[in-house]
Structures are given as C-alpha cells and as structure tokens.
**Student:** 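First the structure, which I've put down as structure tokens, then a few questions once you've had a look.
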There are 2 protein chains.
Amino acid sequence: MEKILIIEDELSIAELERDYLELNHYEADIAATGQEGLECLKANSYRLVLLDLMLPDMDGYEVCRKIREVSEIPIIMVTAKNEDIDMIRGLGRGADDYIAKPFNPNQLIARVKAHIARYDRLVSTGQNKDEDIRIGDLLIQPVTRKVFVNNEERTLTAKEFDLLLFMASSPNQVFSKEHLLEQVWGFEFYGDVTTVTVHIRRLREKIEKDPSKPEYIGTVWGVGYRFKR
Amino acid sequence: MEKILIIEDELSIAELERDYLELNHYEADIAATGQEGLECLKANSYRLVLLDLMLPDMDGYEVCRKIREVSEIPIIMVTAKNEDIDMIRGLGRGADDYIAKPFNPNQLIARVKAHIARYDRLVSTGQNKDEDIRIGDLLIQPVTRKVFVNNEERTLTAKEFDLLLFMASSPNQVFSKEHLLEQVWGFEFYGDVTTVTVHIRRLREKIEKDPSKPEYIGTVWGVGYRFKR
DNA sequence: GAAATTTGTAATAACTATATAATGTTTTGG
DNA sequence: CCAAAACATTATATAGTTATTACAAATTTC
C-alpha cells in the first residue's frame, strides 16, 4: 500500500487529511513536529509528504530543505490562505506544489495522485528521457528541442514542443484535456481546457500533412487525444 | 545503474557520501586507499570518481594523475578546508571540480549529475575538451582562449569566453538561463538570471555580424538559448 | 591605490507566444 | 434525422519573455 507522511501539528486537520487519503486507499502516518517528521522519513518509505507550513519547532521551509538534502520525494505544502506570497518561496525551496487550507478534498487527492505519478515517470524514464523519439516520418529531439518531419525541420513553440513530447513519450495512450493541462501546463495553471484544443490544432498544423486528417495526433471522441504510433 | 567510485580513508565520510548517492539512484563503491581505488577502477566501470585529497598511501594529486594516465572519467576532489580550494584550482592537476568538506549534499549530487552529463556530451560529440571548435566562420581555441571570426580575432572577456565555449561544446542543444548560470557561473552563484541575458547580448555584439539577427547564438523562446551549428 | 576593465543589476522598450472568446463544424445518441 | 455535445478553427488582447540601454559594483591592471 502507498504510504503518505503528514507533517501537521493541528491534529484535527491531520486526521481530516488522513481520512480522505484512506478513503482513497492510501495509508497515512501523522507527525506533529518537523523533527518527528524527519525521523518518520528515516524509518519508513513514503511516496509523498504533506507538509504544513507552520510547525511548532521549525517552519515548513526548514523541514522542506532538510528533506531535500536526502530525498527527491514529492512534497506538497499545506498553507493557510493568506500566506500565499510565501508559498512561492516554498516552491522555490524544493516543494513540488502547495495547497491552501481549507482545501477541497478532491483536489488534494488529485494532486497527491498526480505527483506520485509524475515522480514515478521521472524515476522510471530517468534514463532515456533525453533520447530521440522516432515515429513514422517524425523525429523528436528532446535535447535540441527540434522536430523533423521527413528530415525537414518544423519550428515549434515551447508549449507546442512540450505537449508533443509529453504525448509522444507515451504513444497510443489517451490523455484527457484536463490531464494534459495538469501535466504539461502544471498544477498552478487554472485555465480553460480549450487551451489544449487550440494547441493541438496548432501542433497538427505544423506536423501533419493534412491537419484535418491527422495521422499522428488522433482525437478520441468524448475522451481526449492520443499520439498514434 | 550508474556507478560512482569513492576514494576516501575516513569511513564515516565515505559512507555519508554513499548514502546520499544511493538516495539519488547511484551505486557507490568505497576504496580506503589510493592503491585500492586504482584497482577498483581497473576492475569496474564507473561514471565518476569522488577523490579525497588526503589519503594514507599517496596524496590525491598523485591518484588523480594516475587515473588520468588511463581515463578521462570525471573526477571531483573533496578537500577538508575551503581555503585549500583556491590553491588547488591554480594547480590544474586534471580534476574536473572541487568540493569542500563539510559539503552540502544537494550540491554534491548536483555536481555529480552535471559532470556525468558533461562527460557524456563530450564523448557523444567526439570532442576533446581542448580541441579547437570550428563552426562556420567562427573559430574557438580553448587552449589559448582566443576567438576568431573570419580569421579576425575578437577579444572576449573571461565570462564571455566561458559562456561561448560551454554552449559551442554542445551545438544545437538548448540551455535554460538557469542551467547556464549553474554551469558557467557555478553552483555558488545565486544571482539573477538576467545576468545571462546581458552576457548573451554582449557575446552577440562581439561575434555576430548583425547582433539583432544572430546566426550563432539563437534564442529559443520560453526556454533559453542555443548555439547553432 | 588609482584607473581601467569586467561583471552584475535594474529599468524599460520591443516582441512573441499563448490564453481566451467567438463562431463554425463534426460526431453521437435517441 | 435532429438536437445537443464535443471538437475545430479563427482572430485578438494580453501576459510573459527577451533585448537593449545605462549605470553601479567588483575586479583586475598598472
């Protein structure tokens, strides 16, 4: 079972978090202080840390930094709403995401899942994530960020390239627009999903022979898009 | 898995280094003497060497020299005092980098990663560190630190040259400003990324025919810069 | 230790990518 | 075959990035 570590001094909040996690088939340990949290980390193997910003013994940043000295485990900071300026500081210091109290339980679970998945991808693909991808007449070079169709370069913008690379890294897998927004645009981005539609359109314009009959980027009606191999 | 060789007589430090490396998905062997280290190198295939300056049988320089007789593998020297570093740097004995005890684990890992990546780049481009680089009308001489455009010398400052050489060593690869800061300015440097922008500007001024339409140093919008071949 | 050069920073101008909205088209289920 | 939903297409304003300039701080040179 996947274990999550909750570092939070207010027991009521910690238990609330644990309840939601357990409802979603995670197991959760609670540590009331930063020190206790660090000890739990040493003694156990967790998939993710939920870290309160305000702790009795040391602040969340400090804990975050100490965790990062030994591990790349995903860290989600939990903060009170009015502290959002400082949240950015937290992200700069090694946290992967932040969520404001009071939080939406679904969002919490969604983020936990997403970060665990991201981490796994990072680790598992760590070796060949820079390797060229060749599919049909299409060549994608992650290192140079260049894309060729029939050995002819097509210049993509940053987002276009990121989107293409993400999809082409898992060919034939269907991604919902929401999923693509989350993975390519990032968790902070709360825009409209039509953004994805438009980007898919522009991508097709650049890499497909006939954008209205795409051979690389397929539409899966009612579900999302897939990169066909 | 990537293997690292630790040559260090103090077991507690060696084990600390190994722990950090293993947390970051490296495998590490420990050798307590220079002689033992050299034997490990013969018997195994490593990606990098962490080399203590003070060893019981021979000093780090000696070991370094002996390694260099047979291999161009990245070597990071680990030294006791900060002051020693400046002295060592001046000597230029073939180590690729230096780090002082007590070291920051993140920095250690960051440097290990960076040097392995750099080594791979050099190998894949089939280029020796000191070999001249010729691209179009541009000639870069690492040994003399001179740069010519159409056989006409352009005098660059130290940073300008380092930046140009770094980028030109991996043509077409896209580097973010953060990456350039880290690699060219060093890990200790915590300045603003606009510094990179300005240096790029100055470089273009000196080597491009029309700096506003650069043919060597290209801008990759939203990502960084690339040296075009 | 003064002068000259290099380097870093800050301010603002110029530019590009991209999000969004509006409108048109295709698909699907009843 | 119709209506509703999902997607495609297009145009545009804006947010975000980079270029440029000027200046201050640091470093090197003499």
Side-chain angles (χ1 to χ4, degrees), chain A residues 88 145 147 154-167 174-182 184-226, chain B residues 86 89-90 145 147 154-164 166-167 174-182 184-186 188-228:
Chain A
I88 293 137
R145 297 180 65 91
V147 172
R154 305 289 162 93
T155 38
L156 307 191
T157 68
K159 273 274 144 56
E160 285 163 10
F161 184 87
D162 291 343
L163 179 59
L164 176 64
L165 181 61
F166 178 79
M167 295 184 71
V174 183
F175 299 104
S176 70
K177 287 174 202 152
E178 289 77 11
H179 190 176
L180 290 172
L181 260 194
E182 210 169 88
V184 179
W185 273 256
F187 300 94
E188 314 81 30
F189 187 82
Y190 283 102
D192 202 296
V193 289
T194 60
T195 296
V196 177
T197 316
V198 175
H199 273 265
I200 291 282
R201 166 67 181 50
R202 290 201 276 246
L203 250 182
R204 283 173 173 161
E205 191 74 39
K206 288 188 181 177
I207 67 169
E208 301 281 2
K209 205 178 291 173
D210 179 358
S212 63
K213 284 169 194 150
E215 49 179 323
Y216 294 116
I217 302 172
T219 300
V220 182
W221 260 82
V223 189
Y225 299 99
R226 100 163 91 211
Chain B
D86 292 332
R89 279 212 170 114
R145 296 179 65 89
V147 172
R154 304 289 163 94
T155 39
L156 306 192
T157 68
K159 272 274 142 56
E160 284 163 9
F161 184 85
D162 291 343
L163 179 60
L164 177 64
F166 178 80
M167 295 183 70
V174 182
F175 299 104
S176 71
K177 287 174 204 152
E178 288 77 12
H179 190 172
L180 290 172
L181 259 194
E182 210 169 271
V184 179
W185 273 257
E188 311 81 26
F189 187 82
Y190 281 103
D192 202 297
V193 289
T194 60
T195 297
V196 177
T197 316
V198 173
H199 273 264
I200 291 282
R201 168 72 181 48
R202 288 176 185 150
L203 249 181
R204 282 173 174 162
E205 194 73 39
K206 289 188 181 178
I207 67 169
E208 300 281 2
K209 204 178 292 174
D210 179 358
S212 64
K213 283 171 195 149
E215 48 178 324
Y216 295 117
I217 302 172
T219 299
V220 183
W221 253 83
V223 188
Y225 299 98
R226 95 164 96 221
F227 189 90
K228 293 185 270 190

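Residue numbers start from 1 in every chain, and the chains themselves are labelled A, B, ... in the order their sequence lines are given, proteins ahead of strands.
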**Student:** Report yes if a side-chain nitrogen or oxygen of B:Arg201 is closer than 4.0 Å to either non-bridging phosphate oxygen (OP1 or OP2) of D:dA19; otherwise report no.
**Tutor:** no
**Student:** Which residues satisfy the side chain to side chain contact (heavy atoms under 4.5 Å, CB included) test with B:Val196, sequence neighbours excluded?
**Tutor:** B:Lys177, B:Leu180, B:Leu181, B:Trp185, B:Ile200, B:Tyr225
**Student:** Tell me the interatomic distance from A:Trp221, atom CH2, to C:dT26, atom P, rounded to whole angstroms.
**Tutor:**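 That distance rounds to 11 Å.
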**Student:** Under 4.0 Å from any atom of DNA chain D, heavy atoms only: list the residues of residues 211-219 of chain B that qualify, in numerical order.
**Tutor:**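 B:Ser212, B:Thr219, in order of number.
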**Student:** Just verifying a value: how many Å separate B:Leu203 CG and B:Tyr216 OH, rounded to the nearest 0.5 Å?
**Tutor:** 12.5 Å
**Student:** Could you write out each protein N or O paired with an N or O of nucleotides 2-9 of chain C at a distance under 3.5 Å?
**Tutor:**
unit_1: C:dT7; atom_1: OP1; unit_2: B:Lys159; atom_2: N; d: 3.2
unit_1: C:dT7; atom_1: OP2; unit_2: B:Thr157; atom_2: OG1; d: 2.1
unit_1: C:dG8; atom_1: OP1; unit_2: B:Trp185; atom_2: NE1; d: 3.1
unit_1: C:dG8; atom_1: OP2; unit_2: B:Trp185; atom_2: NE1; d: 2.9
unit_1: C:dG8; atom_1: OP2; unit_2: B:His199; atom_2: NE2; d: 3.0
unit_1: C:dG8; atom_1: O6; unit_2: B:Arg202; atom_2: NH2; d: 2.4
unit_1: C:dT9; atom_1: OP2; unit_2: B:Asp192; atom_2: N; d: 3.3
unit_1: C:dT9; atom_1: OP2; unit_2: B:Thr195; atom_2: OG1; d: 3.1

**Student:** What are the two closest non-hydrogen atoms of A:His199 and A:Leu163, and how far apart are they?
**Tutor:**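 Smallest interatomic distance, heavy atoms only, reads CB-CD2, 3.8 Å.
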**Student:** What is the distance from CG of A:Leu180 to C1' of C:dA19, rounded to the nearest Å?
**Tutor:** 16 Å
**Student:** With a non-hydrogen cut-off below 4.0 angstrom, is B:Phe161 in contact with a base, only sugar-phosphate, or nothing?
**Tutor:** nothing
**Student:** Nearest heavy-atom pair of B:Thr155 and B:Lys206: which atoms, and what distance?
**Tutor:**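 Closest pair (atom of B:Thr155, atom of B:Lys206, distance): O-NZ, 3.1 Å.
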**Student:** Could you give the CG-to-P distance, from A:Leu181 to C:dT18, as a whole number of Å?
**Tutor:**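 Atom-to-atom, A:Leu181 to C:dT18, this comes out as 14 Å.
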**Student:** Checking A:Arg201 now: which residues fulfil salt bridge (Lys or Arg N to Asp or Glu O under 4.0 Å) with it, not counting sequence neighbours?
**Tutor:** A:Glu205
**Student:** Can you tell me if A:Lys177 touches the phosphate of D:dC7, counting only side-chain N or O atoms and a distance under 4.0 Å to OP1 or OP2?
**Tutor:**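 For D:dC7, OP1/OP2 do have a side-chain N/O of A:Lys177 under 4.0 Å.
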**Student:** Side chain to side chain contact (heavy atoms under 4.5 Å, CB included) between B:Thr219 and B:Arg204: does it pass, once the steps are laid out?
**Tutor:** CA-CA 11 Å; B:Thr219 299; B:Arg204 282 173 174 162; 2.7 Å; yes
**Student:** Going by salt bridge (Lys or Arg N to Asp or Glu O under 4.0 Å), name the residues that satisfy it together with A:Glu215, two or more places apart in sequence or in a different chain.
**Tutor:**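 Here no residue qualifies.
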**Student:** Please give, in whole Å, the distance from D:dT9 P to A:Ile200 CD1?
**Tutor:**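 Between P of D:dT9 and CD1 of A:Ile200: 12 Å.
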**Student:** Using the salt bridge (Lys or Arg N to Asp or Glu O under 4.0 Å) criterion, which residues pair with A:Arg145? Sequence neighbours excluded.
**Tutor:** A:Asp162
**Student:** Rounding to a whole Å, what distance do you find between B:Glu205:CD and D:dT20:P?
**Tutor:**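 From B:Glu205 CD to D:dT20 P: 8 Å.
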**Student:** Please check if the side chain of B:Glu208 supplies one atom and the backbone of B:Ile217 the other of a donor-acceptor pair under 3.5 Å.
**Tutor:** yes
